[in-house]
Amino acid sequence: MATKGNGNGEKQMSGLEALSPFELKDELIKAAGGSAAARPANISMLNAGRGNPNFLATIPRHGFWQLGLFAMRESERSFAYMPEGVGGFPQREGIIERFDLFVRENKGQPGIAFLAGAVSYVRDQLGYSAGDFLYEMTEGILACNYPVPDRILKLTENIIGQYLRREMIGKHPFVGEFDVFAVEGGTAAMTYIFNTMRENFLIKPGDTIALGMPIFTPYIEIPKLNDYQLNVVQVDATVENNWQYSKEELDKLRDPKVKAFFLVNPSNPPSVKIDDASLAYIAEIVKERPGLIILTDDVYGTFADNFVSLFALAPKNTILVYSYSKYFGATGWRLGAIATHRDNVLDHTLAALSKEEKKELHKRYESITTDPDHLKFIDRLVADSRTVALNHTAGLSTPQQVQMVLFSLFSLMDTPDAYKNALKRLIRHRKRALFEEMGIPYEEGDPNQVDYYTILDMEYMGERRFGRDFVDWLLKQVKPNELLFRLAEEARVVLLPGMGFGTPHPSGRVSLANLNESDYRKIGRAVRKLTEEYVQRYNDETGKHLDPSALPAPKK
Ligand SMILES: *Cc1c(COP(=O)(O)O)cnc(C)c1O
């Protein structure tokens, strides 16, 4: 019993230590008897490794399909329509009257009330022309023109801007305006930003950047690539500090060598938002270092209570990355946004580059503008996303932009936050179920906890529950990832290794977004069984008498 699974696990683990958590996940899935490709077939496997949610926003999707039907009607009423299936472009004139008629005819259909409400909201609350909005959306959903402007459609930018304002800035004061670039999800945002920063000498090989750790692994992997060759300073958040950065860690940002600070807030995997004191502390450091570039990836901000982004506190220094993937259950859509303040450190740094560097960049961008020296960083992102030469076909597909607008309006119009609260309830019930079955009291009360993921930190939980001596023994017994492989082999439970994300201790990341509550109960029981088995082994080998089902001491 004591060694069951070990031999196997060891064989499978050789050579796996270098894998990223996402590649290791595929090995764990194999160990759990599943195949990474045939997802629906693995009914008995519990894959809590995926960040992909198992919920999705229905109302704005209904709105999208209804808008599509309206748009088809518009195309087919056009003078160009032929019965062979050739339609024309929508007409701006009279579009409101035709839309009103469409709404009346389809009253009661799913998505119609939302769509009609969205048009009213844009007119009455946001103050834009309903006709212009309907025309932009109708043309967009028909996808009959290249995205123009390429960075983002016109009213689309205003509406997405309002959404980001509400979710990322909230009631925090914010002076000035910001620009938005609509992109193919948060991952495209990262690719574009790293690339344009390098092409524009904002980060050069050998430069130093700081990473807020632990972090979504690509942020660890990209700087190491041959293309970048960056030195990384870790700003560590620890479980002992409730996953907050201490002042000593944040003080690393005072070093003038640190060109940029990349972070995920709320974090992935700990799923904790930066507390107010640390936000204020970072803002203070930025005053001392006005040249510091910050990239904040706030994909999970919408799941937090009273979220305020670093973009609100240090707007001129901060690039905001947002993705619609998680909150709206829309990973397949590929929807995200990059925002920068109109007066920002990136453009100031570009203006202060050396003569030679400026000359080179002048050449790079002279095919797309008569004034390449003053091309804004965010427009360089757009151009670089299509290797400059294809700038005229850059931009996110227009139906994607339409769905992004409908998601944004859905959220803006949901003033009681019913959708947000429903999602929070969902993931927090799952966490409670998991912890109950593990035999660990569910800790509420940390207002910064977001709970999209939770980290099962073997060392931290083991020590609190069974003492330091047990943890020291355990760490000697098990190889990295061995517990994850045993969970996979013996209980068919797949978790991701926390250490791959840069957690200091061996741990497993449990996504609370992608399984049902009963599944989290099963995972909790499997973790408990495994723990008790190791405690039994420890007792047998050391002659100690730990109670395997003992409850941990409450958190200090
Ligand atoms: C999931 C995730 C992303 C990826 O977002 P997409 O929009 O699906 O590309 C980016 N950053 C973090 C921190 C994530 O967790």
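Numbering of ligands and ligand atoms starts at 1, following listing order. Quantities reported herein were computed from a predicted structural model and do not represent experimental measurements.
- The N/O atoms of Gly185, backbone and side chain alike, include none that comes under 3.5 Å of an N/O atom in ligand 1.
- By the 4.0 Å heavy-atom criterion, Asp297 is counted among the residues contacting ligand 1.
- At least one N/O-N/O distance between Tyr300 and ligand 1 falls below 3.5 Å.
- Checked against a 6.0 Å centroid threshold, the rings of Tyr322 and Phe311 do not count as neighbours.
- Checking Asn47 against Asn514 by side-chain atom types alone, no donor-acceptor pair falls below 3.5 Å.
- Between Phe407 and Phe328, the ring planes lie parallel to each other; the angle is under 30°, not in the 30° to 60° tilted range.
- Considering backbone and side-chain N/O of Tyr219, none are found under 3.5 Å from N/O of ligand 1.
- The distance criterion of under 3.5 Å between nitrogen or oxygen atoms is not met by Thr331 with respect to ligand 1.
- A cation-pi contact, defined as under 6.0 Å to the ring centre and within 45° of the axis, links Arg509 to Tyr453.
- Applying the 4.0 Å criterion to heavy atoms of Arg334 picks out, from ligand 1, the atoms 6 (P), 8 (O), 9 (O).
- Ser325 OG, 2.7 Å is the protein heavy atom nearest to atom 8 (O) of ligand 1.
- Residue Asn306 places its CG atom among 12 or fewer non-hydrogen atoms of other residues, nucleotides or ligands, all under 6.0 Å distant.
- Here Tyr520 and His429 keep their ring centres 6.0 angstrom or further from each other.
- Residue Glu184 does not touch ligand 1, judged by heavy-atom distances below 4.0 Å.
- Atoms of ligand 1 found under 4.0 Å from any heavy atom of Val264 (numbered from 1 in listed order, with element): 13 (C).
- Scanning the protein heavy atoms around atom 4 (C) of ligand 1, the nearest turns out to be Thr187 CG2, 3.6 Å.
- For Tyr245 and Tyr281, the distance between ring centers is not under 6.0 angstrom.
- Between Phe501 and Phe22, the gap from one ring centroid to the other is short of 6.0 Å.
- A donor and an acceptor atom, one from each side chain of Ser246 and Asn241, are nowhere located under 3.5 Å apart.
- Using a 4.0 Å cut-off to heavy atoms of Asn268, the atoms of ligand 1 that qualify are 15 (O).
- Under the 4.0 angstrom criterion for non-hydrogen atoms, Tyr324 is not in contact with ligand 1.
- Contact annotation: for Val299 versus ligand 1, heavy atoms closer than 4.0 Å belong to the side chain alone.
- Nearest protein neighbour of atom 1 (C) of ligand 1, counting heavy atoms only, is Lys326 NZ, 1.5 Å.
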